[in-house]
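Shown next, in structure tokens, is the structure this report addresses.
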Protein chains: 2
Amino acid sequence: AMEVTKDNFKEVLPLVIQAINQSNFIAIDGEFSGLRGTKQFNLFDYPSERYKRVREECTDFLLIQMGICCFKYDICLRKVVHEAYDFYIFPNGEGSFLSQASSLSFLASHGFDFNKLFKSGITYLNNVEELERQKHIQAWSQSSDSNNEGRDIDIPDQWKDHMSSVCQAIEEFLISDEESLKLEKTNAFVRRLIYQTVKKKYPTVFLELSGKENNDKVLVVHKGNEMDKALLKQRQCEEKWKELDEDVGFSKVISAIATSKKLVVGHNMLLDICHMMNCFHKPLPAEYEDFKKELQQLFPCILDTKTMASLAPYKDVINFTDLPKLYEQLNKEPFGIPNIDIASQKSGYQVDCDSQFHKASYDSFITGCCFLGLYSDLAKSKSITTIDLDLIKRYTNKIFMSRSIDINLFNIVKEDGSIIFDFSVTHVGCHFRDSRSQSRVLRDFPGKLEMRKYIQIVSTIR
Amino acid sequence: AMEVTKDNFKEVLPLVIQAINQSNFIAIDGEFSGLRGTKQFNLFDYPSERYKRVREECTDFLLIQMGICCFKYDICLRKVVHEAYDFYIFPNGEGSFLSQASSLSFLASHGFDFNKLFKSGITYLNNVEELERQKHIQAWSQSSDSNNEGRDIDIPDQWKDHMSSVCQAIEEFLISDEESLKLEKTNAFVRRLIYQTVKKKYPTVFLELSGKENNDKVLVVHKGNEMDKALLKQRQCEEKWKELDEDVGFSKVISAIATSKKLVVGHNMLLDICHMMNCFHKPLPAEYEDFKKELQQLFPCILDTKTMASLAPYKDVINFTDLPKLYEQLNKEPFGIPNIDIASQKSGYQVDCDSQFHKASYDSFITGCCFLGLYSDLAKSKSITTIDLDLIKRYTNKIFMSRSIDINLFNIVKEDGSIIFDFSVTHVGCHFRDSRSQSRVLRDFPGKLEMRKYIQIVSTIR
């Protein structure tokens, strides 16, 4: 797969957008700085309750890598081809985030390059953050120089030597051919002294405060009048707009997927979807129903391969639905995964390559393979030239809900719970077989004896 | 400097302890996953208030690298020598921690190796965590096998094939020469089924659940009776005690420093000290006065070079007290840093080497150099053979308090505020020169007009 960091993002972006627009479907997978963990999930959560827990998790932990694998039918080769990308993603700025020590150790031991992430991760902004930044630039472009105003301060004795040497440097600069003079880095108090001195003593120069971070800030002396100063400000303003455009970064890839309205495939994709929406589109809504509406608009057609493998007719023949085991089962009779090649001159995976699970692009590739395995079973054909959405209608827009006794999916388009699941309940034992509604009643109005038995049995499979 | 990870910690530990015990003083420096930042500090904090803020910060963020540099006078070489170590430190287990995106990017761009940290960081436990683990092992060693108990579960249809193949494997194992049989990895529910089946059908074998993490757990079948099972448990118990001893890890280095009672030198060392105490000794006490007592016991003699440079007679001649600038000033007239070599056959820094600020061991080395520069000024001699604690009495056990208008140190041994500072107030302007008590009164009983002026002036130097 192709690794993308901020160092090559600009060149790669048009290629990714082209791949998205030409694809039949797009498989995605995210890696995170940590997970709240299943321990905090209540086995009896309603989807709306579970959503609220996951929403919290999304604002605490970071999405640090995104694997995107675009699949299309190649007419010349007469087979499905793919191209896979790994995006390292890391935010700009002063914000803090949570990590789980065990998650980072796990990823590092699977070859995840954290030095690359922290040094060269691609930045991103959601719509709200982008708007804030726009307002900030507009306000800045209209602001005046506050450091130039206010009452003069007496120069304390200990800084008198320093100020003399600054004045001397400016006077030498004035009779030189140089266009600008960078002063020595100093603290905010001394900068304040320099502002007032320059204003009083040197009317033919003006000061620019350069450097983004507080610790990098240095004063630069420019020759010129108010007009030159205004021109400089305009140049700086353009600079800021360009910077903002760059900071939007990876969000552009997600916008391209949304605009394409292509089928988006993931495996156990709740966290991926929530993080993607939260980071690259809009902060996750407080209410579950708003989340469903928002998600339908952003990605009108999504498919979770874990949901698909857990629904009829697959639930009775597929015992394990975690990604590696699902892939293994779909590679054998009675299933089979169609031939998949790497798109010409692109990066991707050989089907028989060494397994690289937990690398985002590999997981997204395998997810796409699993989808094609299941799809070709439905289509009763190994040669797939297009994805017929009608054929997978009963599986789309249903996100898998893990660690739940009786409700097993988030039904994004319909009311939740319109499909009866029973396989989890089967595991629990005979007491509650086919008793989704019974267990739900038990939770809300627990008959004490029955509830105790239920919990006892459930606890044996935790 | 020597880099220490869990891969070489066992070999290096005795060398470090020897270096500590032979040293005249030990310089330390920590790197963190993030800082709450000065923005959250109130310029008017009392030490007890500031302590509470820093205490919170310590429990959120991680200490990820510790630089330790031991200085001693070498009688043969007739000069001061040093050896420097960089310890990568990372906790075990499921806990989460906060990071600041900008801190990680900053460290990564200065060459910090996060892959090494997450893969091979040395673990640690404070006293409380160690005690908990001890209790846990004791409880485990007396526990019986809970998976062997409880009501039998009917084997669901979909698992019947799987259970038959498990039984077949065990029967083949019984007539083989093998001592143990590792079963295929499976989920908790299936393990439950295997336990009940083995108990019923195979009295001459017993099961061991091996693997630490939930996802690694596999069942191992052993030939033998109850006696063999008890012996296995004893071996596992010894294993757990050894594991605990290894997990104490880096805390042993800090114990060695504490036991040595050597002078510990840091620069702006509040965070270093608080993190060290919290991670490697005891959770930070809720009350500031308890913290002071605890710290005196742990490190009876500490010196903060930023405090030293900010007190008489240095406060009037040293303008900048951040580490790089302090070092620069102490390297020039009227100061001078004594000759410092690398201890023979050890790792350390050449005095004229490339600057590597923000690498923990380098910062601790430079801190030690600064201390020697200041000390040799006090001692009026460049040849230092020992550290006379009487000579530095007025500087020891006073930790610098940054971002504060009038109180500038945590006085660990005495009452806080027993020394009058005035240099910060001087910066503010003439209004409050030498008026520490006035500003304190203003804070607590603000005369509105005066307070407004004060804040206005203070805000110009932020």
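Below, chains carry the letters A, B, ... as their sequence lines are ordered, and counting in each starts from 1.
- Contact annotation for A:K325: only side-chain heavy atoms (C-beta onward) come within less than 4.5 Å of a heavy atom of chain B.
- Residue B:T186 touches chain A through its side chain alone, counting heavy-atom pairs closer than 4.5 Å.
- Using a 4.5 Å cut-off on side-chain heavy atoms (C-beta onward), A:L104 and B:F114 make no contact.
- The distance from atom OG of A:S105 to atom CG of B:N115, rounded to the nearest 0.5 Å, is 11.0 Å.
- Neither the backbone nor the side chain of A:F106 comes within contact range of chain B, judged by heavy atoms closer than 4.5 Å.
- Residues A:P91 and B:A101 approach most closely at O-CB, 3.8 Å, considering heavy atoms.
- A donor-acceptor pair is defined here as one N or O able to donate and one able to accept, closer than 3.5 Å; such a pair exists between the side chain of A:Q100 and the backbone of B:E94.
- The choice from B:S120, B:S33, B:G95 that makes the most heavy-atom pairs within less than 4.5 Å of chain A is B:G95.
- If you measure heavy-atom distances from A:F97 to chain B, the contacts under 4.5 Å come from both the backbone and the side chain.
- Between A:A108 and B:F118 the shortest heavy-atom distance is CB-CB, 3.7 Å.
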